[in-house]
Amino acid sequence: MTDNLRGSLFMVLAMLGFAVEDVLLKRVAAGGVPVGEILIFFGGGGMLLFAALTKAQGQALWHPAVLAPRMLMKAGFEVLGRLFYTLAIAYTALSSASAILQATPLVVVAGAALIFGEKVGWRRWAAILIGLAGVLVILRPGLEGFTAASLLAVAGLIGFAGRDLATRAAPRVLSNFQLGIYGFAAMVPTGIGLLMWQGGAVMPGAAAFAMLAGAVVVGVAAYWALTVAMRTGEVSVVTPFRYTRLVFALVLGVLVFGERPDAMTLIGSAIVVGAGIYTLLRTRNVQRGRVQPRG
């Protein structure tokens, strides 16, 4: 098995894990557990698991670099992404929320050009705009099918894109496991604040608690598989398999929640995924010097 094939398989497993995590969190929210409480359990559990993994690797749980401005910015975007995407999957269809999230790589490419000065030619800018138009097709603003709650997924998208951009600038002395500790830890105070606004906690039943624990384990395992994927194969080969998350979300949305994505959602999803894959392939060609960087 080649490194690219192994990396691609790990990426698919990671996306399956994230899709299952979304299903579990949505089921818990549907059972009456406030989203703020979900964030506290999920963030605290993920923090503890990553702390255990960090210690197992012989790494320190604390490093002064955590207080670097770039890390604080990363934590802020992590909170924004996790908070609003969790709200999105709690209050909207899993399939549409996941479809909107697939535009994250497009926003990251645009942000890398605007913030880090990376060269992005007109073809990739066109693909980014087309992909964002696909998000509008899913949202259908001004039309009968539009719901204001779907904007929660857009806010989550912006948060995750900002987190990914901030991760690029994160201090190299911090490992992926250490980054995981602080990323999940940031959800705990966020959940506390949201819970106070929502009116207080409830005692989760045995089933809800089991699903929360399962979401933590699956989420951390998916994060680990994502790390392995990105470190095993070529980024340009492995990254397009991120879009399998949408396929898993669509299937699980139908099987678990009885969702029936309409034609507009499917068309918009296809536009977003197509634009994203084109952008990734174009970036690979530019980096390999097959075309001029201006393209």
Side-chain angles (χ1 to χ4, degrees), residues 11 14-15 18 21 39 42-44 46-47 49-51 53-54 59-88 97 100-120 124-125 128 131-132 135 151-191 193-194 219-220 222-231 235-236 238-239 242 245 276 279-280 283 287:
M11 180 61 79
M15 295 304 106
F18 287 132
E21 171 197 306
L39 289 174
F42 186 65
M47 177 186 66
L49 273 181
F50 271 115
L53 291 170
T54 300
Q59 301 167 355
L61 297 180
W62 171 258
H63 194 286
V66 172
L67 298 178
R70 291 168 292 179
M71 281 296 296
L72 297 178
M73 183 179 298
K74 178 183 182 299
F77 278 117
E78 181 83 48
V79 167
L80 179 68
R82 287 286 184 179
L83 171 61
F84 284 103
Y85 185 66
T86 303
L87 288 169
I100 292 170
L101 191 68
Q102 304 314 303
T104 301
L106 296 170
V107 178
V108 170
V109 172
L114 297 173
I115 299 172
F116 298 125
E118 293 186 12
K119 293 183 178 180
V120 175
R124 278 180 288 172
W125 276 117
I128 290 169
L132 295 179
V135 172
L151 294 177
L152 295 169
V154 176
L157 154 69
I158 294 171
F160 285 135
R163 177 202 62 185
D164 291 350
L165 288 168
T167 300
R168 291 191 181 194
R172 297 291 183 181
V173 295
L174 295 174
S175 70
N176 285 326
F177 286 159
Q178 289 171 318
L179 291 175
I181 293 174
Y182 305 115
F184 275 85
M187 284 186 268
V188 176
T190 304
L194 181 60
V220 170
Y223 183 93
W224 171 81
L226 176 63
T227 303
V228 173
M230 297 304 288
R231 288 183 167 180
V235 174
S236 59
V238 172
T239 302
R242 281 178 178 267
R245 179 173 181 170
T279 302
L280 291 169
T283 300
Q287 291 174 343

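Below, each value reflects all heavy atoms present in this structure, side chains not excepted, and no hydrogens, waters or symmetry copies. These numbers were taken from a predicted model, which means no experiment stands behind them.
Looking only at side-chain heavy atoms (C-beta outward), Tyr182 and Trp62 come within less than 4.5 Å of each other.
With rounding to the nearest 0.5 angstrom, the CG atom of Leu132 is 11.5 Å from the CD1 atom of Ile100. Distance check: Arg124 CZ to Leu280 CG gives 10.0 Å after rounding to the nearest 0.5 Å. Expressed to the nearest 0.5 Å, how far CZ of Arg242 lies from CE of Met11 amounts to 5.0 Å. Taking CE from Met187 and CG from Leu194, the interatomic distance works out to 13.0 Å, rounded to the nearest 0.5 Å.
Under the rule for a side-chain hydrogen bond (donor to acceptor under 3.5 Å, both in side chains), the partners of Arg82 that lie at least two apart in sequence or sit in another chain are Glu21, Glu78. Partners of Ala225 by side-chain contact (heavy atoms from CB on, under 4.5 Å), not counting sequence neighbours, listed by chain and number: Phe10, Ala14. Phe84 is linked by a side-chain contact (heavy atoms from CB on, under 4.5 Å) to Leu80, Leu87, Leu152, Ala155, counting only residues two or more places apart in sequence or in another chain.
The aromatic rings of Phe160 and Tyr85 lie perpendicular to each other, with more than 60° between the two planes, well past the 30° mark.
Contact record, Arg163 with Phe77: N-CB, 3.4 Å, taken as the closest heavy-atom pair.
Side-chain atoms of Gln178 never come within 3.5 Å of backbone atoms of Thr54 as a donor-acceptor pair (strictly under, hydrogens ignored).
For Phe18 and Tyr223, the ring centers sit 6.0 Å or farther from each other.
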